[in-house]
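Written out below as structure tokens is the structure these notes cover.
Note that this is a predicted model, so its numbers are computed, not measured. We use all heavy atoms of the structure for the numbers below, so side chains are in, but hydrogens, waters and symmetry mates are not. Both counts, for ligands and for their atoms, begin at 1 and track the order of listing.
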Amino acid sequence: MQEKETPMLPGSTPVPPRLLRALSEPLLNQRGSSFKALIDDVTDGVKYAYQTNNDVLILPSSGTGGMEAAIVNFLSPGDKVLALSIGAFGDRFATIAQTHGCIVDKVDFPWGAAVDLQVVRERLAADVHKEYKAILVTHNETATGVCNDLQGLGQVRGDHPALILVDSVSALGVMEVKTDEWGLDVIVTAAQKGFLIPPGVCFVSVSPRAWAAYERSTSPKFYWDLGSAKKFLEKGQTPVTPAIPQLAGLREALKLFQEKGLDHIFAKQIYLRDITRAGVKALGLKPLADDAVASAAVTAVWAPAGIEARAINRKMREDYNVVLAGGQKKLENKIFRIGHLGYVQHLDILATIGALEMTLKELGVPIELGSGVKAAQNVIMSRKGLL
Ligand SMILES: *Cc1c(COP(=O)(O)O)cnc(C)c1O
């Protein structure tokens, strides 16, 4: 028998049983009226999560496909873009733009820090001929557990004509995003992070300004053509075979969102973040992100001096069935990451901190058993009733 696991990954995230049942419903005819009702329903529900009146298209793909769609629909080869990167996923967005022939002006911020908006303000002010066609930004950098200030970015962009294209793959549905109020033109997210369902669908929102850019775009596109997706959606269909089970699961997930309310979901995520950070800090460990920019989806933590992060993750998995994520690229083997988004509750984190204490102790780190758990318990008790 498979052992019971405690998956604490920043995606794919655990699927609640109620959603698993919806995922196993018989397939609908993708050109029939029941499918039309389904796609209309989930499109409305996703718009609620985006807090937008813009169009939102649902595509059969992982999040990276949505990022590529954002580039090929609203930009053209030769367009200049300002790519803001604070980690591995910011690098990916810049690489996709480059792959499609954009001239990428990339600004790298230290991994573990957020975008410095003053730098963006200066770059835009220096762009007197308004050459930047878009600003690429990661909402929540999953590789480092740092969250960028999108509201501030919208203000800094002001009336510069550059579109703001956002990778919010690990943030939408987890942290507040006010698409319209903050002036965010295109936001990409995917199902398997904040939306609680298995991988296979991504979402892309499109502002009227972005549709105007779509009309000008000369980038080749077929599978990713959002204009075509919009036309089909008007008939209650999709241009290619949709991921029908995922959409049935998504309908149920969105019902959950509506029942709980977005404010409740965001508050719960902050609560889970605070429990996690209190626990690891009490063990003398240091999160990469400062409190002010800390992600509500994932906490990245430096391994203690002289200890390989890989050894921590291995022991957590082999001895305690707790599954953590590792570091990516230059953070490989230096950090471990605790995902706490989606179908996760306070006691999962308590179990994780408890297992982490035993793991560290066995690896020779001088910690006191119970000290991390106690700090985490104190946060739980001080905010009781939130879950
Ligand atoms: C998970 C993730 C992605 C995309 O991942 P896919 O594997 O393509 O779904 C992109 N950006 C961020 C910030 C992510 O966390």
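- Under the 6.0 Å distance and 45° angle rule, K255 does not count as a cation-pi partner of Y48.
- In terms of protein heavy-atom proximity, atom 4 (C) of ligand 1 is closest to T64 OG1, 3.6 Å.
- Between S62 and ligand 1, at least one N/O pair is under 3.5 Å apart.
- Distance from atom 2 (C) of ligand 1 to its nearest protein heavy atom, with residue and atom name: K193 NZ, 2.5 Å.
- Residue T138 places no N or O, backbone or side chain, under 3.5 Å from any N or O of ligand 1.
- Each of the atoms 13 (C), 15 (O) of ligand 1 lies under 4.0 Å from some heavy atom of S170.
- Not one N or O of E141 is nearer than 3.5 Å to an N or O of ligand 1, by distance alone.
- In the model, S170 has a side-chain atom that pairs as donor or acceptor with a side-chain atom of T142 under 3.5 Å.
- The closest protein non-hydrogen atom to atom 15 (O) of ligand 1 is T142 OG1, 2.4 Å.
- Atom CD1 in I353 sits 11.5 Å away from atom CE in M358 (nearest 0.5 Å).
- Of the options N333, V301, L356, V365, a side chain to side chain contact (heavy atoms under 4.5 Å, CB included) to I312 is made by L356 and by none of the others.
- Side chains of N54 and W211: a donor-acceptor N/O pair is absent below 3.5 angstrom, by distance only.
- Residues T299 and R273 bring no donor and acceptor atom of their side chains to less than 3.5 Å of each other.
- Shown in contact with N140 at under 4.0 Å from a heavy atom are these atoms of ligand 1, numbered in order with element: 13 (C).
- For Q192, the closest heavy-atom approach to ligand 1 falls below 4.0 Å.
- Both M67 and Y214 are assigned to one and the same hydrophobic cluster, defined by single-linkage of ILVMFWY side chains at heavy-atom distances under 4.5 Å.
- Distances shorter than 4.0 angstrom do not occur between any heavy atom of V188 and any atom of ligand 1.
- Among protein heavy atoms, the minimum distance from atom 11 (N) of ligand 1 is reached at D167 OD2, 2.6 Å.
- Any N or O atom pair closer than 3.5 Å counts here, and M67 shares no such pair with ligand 1.
- Using a 4.0 Å cut-off between charged side-chain N and carboxylate O, K80 and D127 make no salt bridge.
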